[in-house]
Colleague: 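Sharing a structure here in structure tokens format.
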Amino acid sequence: MLRAIALMVSCAGPTLAQDFSLAWPVDCTLGDTCFIEDYHDSDPAEGRSQDYTCGLNTRDQHFGTDIALPFWDADDSGIAVVAAAPGVIFATRDGMADDWRMRGVTSDRACGNAVVIDHAGGWQTTYCHLARGSVAVAKGDRLATGDLLGRIGVSGQTTHPHLHLTLRRDGTRIDPFNVENAACGAQMTSLWADTPDYDATLLRLAGFSTAVPSYETLRAGTARITTADPTDPLVVYAEAGFTEDGDEITITARGPEGEIFRNTRTMENPRQSQLPAFGRRAPTGGWPRGEYLGQITVTRNGRLVANRWAHVTVE
């Protein structure tokens with residue numbers, strides 16, 4: 001069982017990153033087959049969040065880096081998770097179901113199927129939400145950078161396929177993009193051997209609805225539906241921000257019989273925040289009963305910079 005480690009926030013000294021760096025931990029191409037969905041929350045106060053650039057690509061009390069996939073069938077894709085640095089396996093967990101409904105998931109098993117690696121100098125990395133049956137290492141194994149750990153899955157507290165990577169030193173969670181916890185906007189030290197580019201985006205609160213939502217219903221939490229009648233319209237929406245001229249937003253949905261709609265729009269003079277949405281009325285005879293998956297993606301100059309998923313069950 002993975003041990004729980006309490007959150008500690010500290011300002012590290014200038015030698016914190018000495019002789020240690022992280023390689024990219026997923027066998028994917030940023031901007032194509034994966035993207036950074038959420039960064040480490042650098043604001044320790046509850047109710048507020050910001051990433052290391054002062055941007056909003058994070059969530060409140062989110063202490064890690066989320067590397068997500070823009071396609072759903074992750075458990076069949078073989079997308080490998082690999083060791084970001086050499087070390088010794090401290091703990092593993094396997095056997096939890098890949099279940100976006102998170103049935104039976106508890107706080108002490110939120111990481112899902114996982115691997116924890118101890119590295120030299122008190123560093124430790126944790127790799128969460130691996131696919132059931134994919135964990136390829138055992139406690140005590142010695143690993144080199146790039147050795148296989150498992151595959152991206154949907155286990156634990158997640159509704160979509162991604163890797164949650166947590167970095168610690170001596171039990172303290174640390175942002176690999178800002179090792180010394182410098183104020184955002186200041187000069188920072190990165191632990192990445194090749195630091196990924198940062199894309200200013202905001203895509204959140206995605207869901208299904210029966211109509212195009214308003215900001216009032218979005219903020220009140222009344223826009224999203226989790227079940228629908230076969231005769232209901234189905235609309236996929238999200239809140240988008242920091243889009244740029246020329247960005248493309250694509251909204252799709254698919255059900256038991258395949259794709260039910262797809263729409264792409266090119267942004268012109270975008271506002272700081274907007275609510276892209278698209279949907280369809282029910283066909284004659286109603287929607288087939290079953291699970292429906294919605295998706296909203298944002299691409300910039302041909303690169304994927306944001307993606308969110310939505311779920312609804314037609315009963």
Side-chain angles (χ1 to χ4, degrees), residues 1-5 20-30 32-40 62-120 123-168 173-174 176 191-194 196 307 309:
M1 180 178 292
L2 299 176
R3 65 178 181 182
I5 300 178
F20 183 72
S21 65
L22 297 174
W24 190 242
V26 179
D27 183 19
C28 65
T29 302
L30 270 174
D32 182 14
T33 55
C34 64
F35 66 103
I36 298 178
E37 181 177 49
D38 286 305
Y39 292 84
H40 184 100
H62 180 260
F63 301 108
T65 304
D66 284 352
I67 302 167
L69 307 181
F71 43 88
W72 183 256
D73 299 321
D75 55 336
D76 298 322
S77 68
I79 300 298
V81 176
V82 300
V88 178
I89 298 297
F90 173 78
T92 66
R93 179 167 56 221
D94 203 347
M96 291 183 66
D98 291 283
D99 182 7
W100 66 266
R101 293 180 181 273
M102 299 180 285
R103 287 168 288 201
V105 174
T106 56
S107 59
D108 64 336
R109 296 170 67 82
C111 188
N113 302 319
V115 172
V116 182
I117 305 177
D118 280 339
H119 310 281
W123 294 101
Q124 188 181 73
T125 50
T126 301
Y127 308 75
C128 298
H129 311 310
L130 304 181
R132 180 167 59 182
S134 75
V135 174
V137 292
K139 184 175 181 177
D141 287 352
R142 292 188 175 275
L143 302 179
T145 300
D147 281 352
L148 178 67
L149 303 179
R151 292 185 288 108
I152 285 183
V154 196
S155 64
Q157 190 173 318
T158 179
T159 61
H160 59 282
H162 76 282
L163 170 71
H164 176 94
L165 175 71
T166 298
L167 172 70
R168 294 181 176 90
R173 290 185 179 103
I174 292 174
L191 266 190
W192 294 105
D194 185 10
N307 180 90
W309 301 95

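Values reported hereafter were calculated over all heavy atoms of this structure, with side chains retained and with hydrogens, waters and symmetry mates removed. Counting from 1, the numbers follow the sequence of the chain as shown.
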Colleague: Can you name the nearest heavy-atom pair linking Arg142 to Val88, along with the distance?
Modeller: NH1-CG2, 3.3 Å

Colleague: Could you check whether any side-chain heavy atom of Leu167 comes within less than 4.5 Å of a side-chain heavy atom of Thr65, counting everything from C-beta outward?
Modeller: no

Colleague: To the nearest 0.5 Å, what is the distance between CZ (Arg168) and CH2 (Trp123)?
Modeller: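 Interatomic distance, Arg168 CZ to Trp123 CH2, rounded to 0.5 Å: 12.5 Å.
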
Colleague: Do Leu22 and Thr125 have side chains that approach each other closer than 4.5 Å (heavy atoms only, starting at C-beta)?
Modeller: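 A side-chain contact exists here, since the closest heavy-atom pair is under 4.5 Å.
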
Colleague: Indicate the ring-plane relationship of His62 and His164, choosing parallel, tilted or perpendicular according to the 30° and 60° boundaries.
Modeller: perpendicular

Colleague: Looking only at heavy atoms, which two atoms of Leu30 and Phe35 are closest? And how far apart?
Modeller: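 Closest approach of Leu30 to Phe35, heavy atoms only: CD2-CA, 3.7 Å.
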
Colleague: Which pair of non-hydrogen atoms, one from Cys111 and one from Thr126, has the smallest distance, and what is that distance?
Modeller: SG-CG2, 4.0 Å

Colleague: With sequence neighbours excluded, what pairs up with Thr106 under the side-chain contact (heavy atoms from CB on, under 4.5 Å) test?
Modeller: Asp108, Arg109

Colleague: Given side-chain contact (heavy atoms from CB on, under 4.5 Å), test Leu143 with Leu149 step by step and report yes or no.
Modeller: CA-CA 9 Å; Leu143 302 179; Leu149 303 179; 3.4 Å; yes

Colleague: So, for Ala110 and Val105, which heavy atoms are closest and what is the spacing to 0.1 Å?
Modeller: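 Shortest heavy-atom separation between Ala110 and Val105 comes out as CA-CG1, 4.0 Å.
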
Colleague: Name all residues meeting the ring pair (Phe, Tyr, Trp, His ring centres under 6.0 Å) criterion together with His129; count only those two or more places apart in sequence or in a different chain, and write none if there are none.
Modeller: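 His162.
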
Colleague: Roughly how far, to the nearest 0.5 Å, is CZ of Phe20 from NE2 of His119?
Modeller: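 One gets 4.5 Å once the value is rounded to the nearest 0.5 Å.
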
Colleague: Taking all heavy atoms of Trp192 and all of Leu165, pick out the closest pair and write down the distance.
Modeller: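 For Trp192 versus Leu165, the nearest heavy atoms are CH2-CD2, 3.9 Å.
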
Colleague: Does the pair Glu37 and Asn307 meet the rule for a side-chain contact (heavy atoms from CB on, under 4.5 Å), with working shown?
Modeller: CA-CA 7 Å; Glu37 181 177 49; Asn307 180 90; 5.7 Å; no

Colleague: Would the distance check show the side chain of Tyr127 and the main-chain N or O of Ile117 forming a donor-acceptor pair, the cut-off being under 3.5 Å?
Modeller: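 Not at all, since once roles are kept as given, no pair shorter than 3.5 Å links the two residues.
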
Colleague: For Ala144 and Ala83, which heavy atoms make the closest approach, and how far apart are they?
Modeller: O-CB, 3.7 Å

Colleague: Looking at residues at least two apart in the chain, or sitting in another chain, which of them share a side-chain contact (heavy atoms from CB on, under 4.5 Å) with Asp27?
Modeller: Ala80

Colleague: Let me confirm one number: the CG-CD1 distance from Asn113 to Ile152, rounded to the nearest 0.5 Å.
Modeller: 13.0 Å

Colleague: Can you name the residues that form a side-chain contact (heavy atoms from CB on, under 4.5 Å) with Ser134, not counting sequence neighbours?
Modeller: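 Result, side-chain contact (heavy atoms from CB on, under 4.5 Å) vs Ser134: Leu130, Ala131, Arg151.
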
Colleague: Would you give the length of the straight line joining atom CG of Leu163 to atom SG of Cys34, rounded to the nearest 0.5 angstrom?
Modeller: 10.0 Å

Colleague: Do the side chains of Thr145 and Asp147 get nearer than 4.5 Å, heavy atoms only?
Modeller: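 Heavy-atom side-chain distance check fails, nothing below 4.5 Å.
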
Colleague: Side chains of Trp72 and His160, heavy atoms from C-beta outward: is any pair under 4.5 Å?
Modeller: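 In contact.
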
Colleague: Could you check whether any side-chain N or O of Asp98 sits under 3.5 Å from a backbone N or O of Arg132, counting only pairs where one atom can act as donor and the other as acceptor?
Modeller: yes

Colleague: Tell me, please, which residues at least two apart from Arg103 pass side-chain contact (heavy atoms from CB on, under 4.5 Å).
Modeller: Asp99, Arg101

Colleague: Any side-chain heavy-atom pair from Leu69 and Thr33 closer than 4.5 angstrom?
Modeller: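 Answer no - side chains too far apart.
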
Colleague: Look up atom OG1 in Thr92 and atom CG in Asp141, then write down how far apart they are to the nearest 0.5 Å.
Modeller: 9.0 Å

Colleague: Just jot down the ring pair (Phe, Tyr, Trp, His ring centres under 6.0 Å) partners of Tyr39, sequence neighbours excluded, or say none.
Modeller: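 Ring pair (Phe, Tyr, Trp, His ring centres under 6.0 Å) list for Tyr39, sorted by chain: Tyr52, Phe177, Tyr198.
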
Colleague: Keeping the roles fixed (side chain from Asp118, backbone from Gly87), state whether a donor-acceptor pair exists under 3.5 Å.
Modeller: no

